[in-house]
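Sharing a structure below in structure tokens format, with a few things to ask.
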Amino acid sequence: MNPLHQRFYEVIARIPKGRVATYGQIAAMAGLPRRARMVGQALRSTPEGLEIPWQRVVNAQGTVSPRAGLGWEEGYQRHLLEEEGVVFNARGRIDLERFGWDPDRRPGPRRRKS
DNA sequence: CTAGTGACTGTTT
DNA sequence: AAAACAGCCACTA
């Protein structure tokens with residue numbers, strides 16, 4: 001397979017459960033700035049046997065990127081994320097301030113208020 | 001090789 | 001807020 005894709009998969013594999021990362025962010029972390037679209041291509045051609053948290057990859061707006069023709073996948077991805085504790089707001093958006101993966105910020109469960 | 005396309009993003013209307 | 005534009009670059013026809 002394409003070695004570039006491999007890099008992306010490795011980065012994606014490090015996304016903590018209950019967090020999400022954007023395409024651009026992943027590209028940058030893989031050492032390939034401005035290749036957000038490549039990440040999309042990589043995911044699209046993810047080998048079936050490979051198990052990676054593809055559902056934790058969302059676009060910069062915090063929404064599930066629409067792909068060609070499908071509706072069921074969008075709901076599926078959202079379902080997976082919600083099971084991990086990711087919350088979608090009324091507009092179908094994820095608050096990246098809270099759920100966005102920032103390697104510098106402490107991982108782990110977000111303590112509720114106080 | 002040229003053109004079109006896209007699981008994208010940031011800026012400008 | 002939403003749409004259009006302009007960069008972006010691997011892949012396909």
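The figures here come from the full heavy-atom set of this structure, side chains too, leaving out hydrogens, waters and symmetry mates. Order of the sequence lines fixes the chain letters, A, B, ..., with proteins taken first and strands second; residue numbering starts at 1 for each chain.
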Task: Distance in angstrom units between A:Asn59 CG and B:dG10 P, rounded - done: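 In whole Å, B:dG10 P lies 10 Å from A:Asn59 CG.
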Task: Side-chain (A:Gln77) to main-chain (A:Gln55) donor-acceptor, under 3.5 angstrom - done: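 Yes; at least one donor-acceptor contact below 3.5 Å.
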Task: Pairs where residues 36-64 of chain A contributes a residue and the test salt bridge (Lys or Arg N to Asp or Glu O under 4.0 Å) is met, not counting sequence neighbours - done: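 Passing the test, one end in residues 36-64 of chain A: A:Arg56-A:Glu84.
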Open item on the list: Among residues at least two apart in sequence or on other chains, which ones pass side-chain hydrogen bond (donor to acceptor under 3.5 Å, both in side chains) with A:Gln41?
Closed with: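 Result, side-chain hydrogen bond (donor to acceptor under 3.5 Å, both in side chains) vs A:Gln41: none returned.
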Task: A:Thr46: side-chain contact (heavy atoms from CB on, under 4.5 Å) partners, not counting sequence neighbours - done: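 A:Tyr9, A:Leu43, A:Leu50, A:Ile52.
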Between the protein and nucleotides 7-13 of chain C, list the N/O to N/O atom pairs that are separated by less than 3.5 angstrom.
from, atom 1, to, atom 2, distance (Å)
C:dG7, O6, A:Arg37, NH1, 3.4
C:dC9, OP1, A:Arg35, NH2, 3.4
C:dA10, N3, A:Gln41, NE2, 3.4
C:dC11, OP1, A:Asn2, ND2, 3.0

Task: side-chain contact (heavy atoms from CB on, under 4.5 Å) partners of A:Ala30, counting only residues at least two apart - done: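 Listed in chain order: A:Arg7, A:Phe8, A:Val11.
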Task: With A:Gln61 via side-chain contact (heavy atoms from CB on, under 4.5 Å) - residues at least two apart - done: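 A:Gln61 satisfies side-chain contact (heavy atoms from CB on, under 4.5 Å) with A:Asn59, A:Thr63, A:Arg93 once adjacent residues are dropped.
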TODO: Apply side-chain contact (heavy atoms from CB on, under 4.5 Å) to A:Glu10 and list each qualifying residue two or more places apart in sequence or on a separate chain.
DONE: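 Partners of A:Glu10 by the side-chain contact (heavy atoms from CB on, under 4.5 Å) criterion, ordered by chain and then number, come out as A:Gln6.
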Task: Non-neighbouring partners of A:Arg35 that pass side-chain hydrogen bond (donor to acceptor under 3.5 Å, both in side chains), sequence neighbours left out - done: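 Applying side-chain hydrogen bond (donor to acceptor under 3.5 Å, both in side chains) to A:Arg35 gives none.
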TODO: Give the rounded distance in Å between these two atoms: CD1 of A:Ile26 and C1' of B:dA7.
DONE: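 It works out to 10 Å between those atoms.
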Open item on the list: Under 4.0 Å, heavy atom to any atom of DNA chain B: which of residues 84-91 of chain A qualify?
Closed with: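 Those residues whose heavy atoms fall under 4.0 Å from DNA chain B, taken from residues 84-91 of chain A, amount to none.
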Open item on the list: In whole Å, I'd like the distance from the CG atom of A:Leu43 to the P atom of B:dG6.
Closed with: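 Distance check: A:Leu43 CG to B:dG6 P gives 17 Å.
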- [ ] Write down the distance between CZ (A:Arg93) and C1' (C:dA2), rounded to a whole number of angstrom.
- [x]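 Value for this atom pair: 11 Å.
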